[in-house]
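Below is one structure, written out as structure tokens; the observations come after it.
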Amino acid sequence: MNYQYVVQRLLLALVVVLGITFVVFMIMQIVPGDPARVILGPYASDESVAGLRDRLGLDRPLLEQYLTWLAKAARGDFGQSLLNGQDVAPQLLGRIGPSFELAIVSLVIGLVIAFPIGIISALKPGSAIDIMATVFSQIGVSVPTFWMGIILVIVFSLNLDLLPPSGYTPIREDPGDWLAHIILPAFTAGFVSASIQTRFIRSAMLDVLSANYVQTARAKGLNERTVIMRHALRNALINIVTIIGLQITALFSGIVIVEVVFSWPGLGKLAFNAVEERDYPLLQGAVMVIAIMVTLVNLVVDLLYFLLDPRIEYV
């Protein structure tokens, strides 16, 4: 393992996180609205609003505001929420768990659906199964996530009364109730993920199935299961791991819609509420945590390449 490469990737991840937080900070400044006005209400006097802006430091230069926030964030102090006055860090810590649970369960659902469909369609290209897999992929990519979530709520919650439409129960308190609440949001996100993964798994398997070493393995008389699992799938894993890593980052960064639809108390919903309420410290903290999680996933994917194929050299 090239530890110099790991250090380089960590430094690059740090730069990416800083860049993301800086861009989000600047975008929030140009969005119409004034946090001080939001806090005090529309009927507050201009003098009161100006005084609050001064106390919150909102009248300082933008770069100074950002650097002040960054210096505190480096010590684990993300400031206080502009609306409820509570420390941001504990609020973020309370939301990481639900978001992580939802992302992992969604990924597992996506993999359980995508792997068999992708492999079977690659083994039988042009067959009815392959055509249905293609249609499934197109539907999953085309259907908006929020629309699918609403449809699932209407069918399984309102009509069939099988699953709760929203809410969250910690798994340590009641595993059964946790499972009941997570099924719909996880399937909503997992279905979209599965449709994308199916296409890439099929493509990766088609590439290796036509390779010479696979034909040689078959010519040696190895059974089809051994050829697929030990030769084809193993060599296709590098491409598959790449798309899985991209899907994990997409789930962490794009799960906002699912959390809002199902009132899931994760980082995505927290960030969404912060945008609505112009709560700068809360939004900045949520964005930083999400950015760190995404960059760490990308780093892990890069290191997995080495484990899957030791011939890969990092430069």
Considering the options Val258, Val256, Ile257, which one meets the side-chain contact (heavy atoms from CB on, under 4.5 Å) requirement together with Val260?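 Considering Val258, Val256, Ile257, a side-chain contact (heavy atoms from CB on, under 4.5 Å) with Val260 is found only for Val256.
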
Closest heavy-atom contact between [X] and [Y]?
| X | Y | answer |
| --- | --- | --- |
| Arg75 | Ala71 | NH1-O, 3.4 Å |
| Tyr168 | His181 | N-CD2, 3.9 Å |
| Pro164 | Leu184 | O-CD1, 3.8 Å |
| Pro265 | Arg95 | O-CD, 2.9 Å |
| Arg60 | Gln65 | O-NE2, 2.7 Å |
| Arg199 | Ser195 | CG-O, 3.5 Å |

Can you give each donor-acceptor pair under 3.5 Å made by side-chain atoms of residues 105-121, sequence neighbours left out, with the distance rounded to 0.1 Å?
| unit_1 | atom_1 | unit_2 | atom_2 | d |
| --- | --- | --- | --- | --- |
| Ser106 | OG | Leu102 | O | 2.6 |
| Ser106 | OG | Ala186 | O | 3.4 |
| Ser121 | OG | Ile117 | O | 2.8 |
| Ser121 | OG | Gly118 | O | 3.0 |

Assess the side chains of [X] and [Y]: does a donor N or O sit below 3.5 Å from an acceptor N or O?
| X | Y | value |
| --- | --- | --- |
| Ser193 | Gln197 | yes |
| Asp279 | Ser81 | yes |
| Glu101 | Trp178 | yes |
| Ser137 | Thr134 | no |
| Ser99 | Glu259 | yes |

Between [X] (side chain) and [Y] (backbone), is there a donor-acceptor pair under 3.5 Å?
| X | Y | answer |
| --- | --- | --- |
| Asn273 | Lys269 | yes |
| Asp87 | Ala89 | no |
| Thr21 | Leu18 | yes |

Starting from [Y], can I reach [X] by hopping between I/L/V/M/F/W/Y residues whose side chains sit under 4.5 Å apart?
| X | Y | result |
| --- | --- | --- |
| Met26 | Val15 | no |
| Val192 | Met132 | no |
| Leu206 | Ile129 | no |

State, yes or no, whether a side-chain contact exists between [X] and [Y] at a heavy-atom distance under 4.5 Å.
| X | Y | answer |
| --- | --- | --- |
| Val261 | Thr188 | no |
| Pro98 | Trp264 | yes |
| Phe262 | Val153 | yes |
| Met148 | Val143 | yes |
| Tyr66 | Gln284 | yes |

Roughly how far, to the nearest 0.5 Å, is the [atom2] atom of [Y] from the [atom1] atom of [X]?
| X | Y | atom1 | atom2 | result |
| --- | --- | --- | --- | --- |
| Thr68 | Leu63 | OG1 | CG | 9.0 Å |
| Leu152 | Leu158 | CG | CG | 11.5 Å |
| Phe146 | Ile151 | CZ | CD1 | 10.5 Å |
| Leu67 | Leu62 | CG | CG | 11.0 Å |
| Leu282 | Gln86 | CG | CD | 10.0 Å |
| Met205 | Leu123 | CE | CG | 5.5 Å |

Check the orientation of Trp69 and Phe78. Use parallel for under 30°, tilted for 30 to 60°, and perpendicular for over 60°.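 Aromatic pair Trp69/Phe78 classed tilted.
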
Do other residues, nucleotides or ligands put more than 12 heavy atoms under 6.0 Å from Phe200 CZ?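 Counting neighbours around CZ of Phe200, 12 or fewer heavy atoms of other residues, nucleotides or ligands fall under 6.0 Å, so no.
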
Measure from the ring center of Phe136 to the ring center of Phe191 and say whether it is less than 6.0 Å.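 Yes; Phe191 has its ring centre under 6.0 Å from that of Phe136.
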
Would Leu162 and Ser157 satisfy side-chain contact (heavy atoms from CB on, under 4.5 Å), going step by step from the backbone distance to the final call? CA-CA 6 Å; Leu162 295 176; Ser157 298; over 6 Å; no

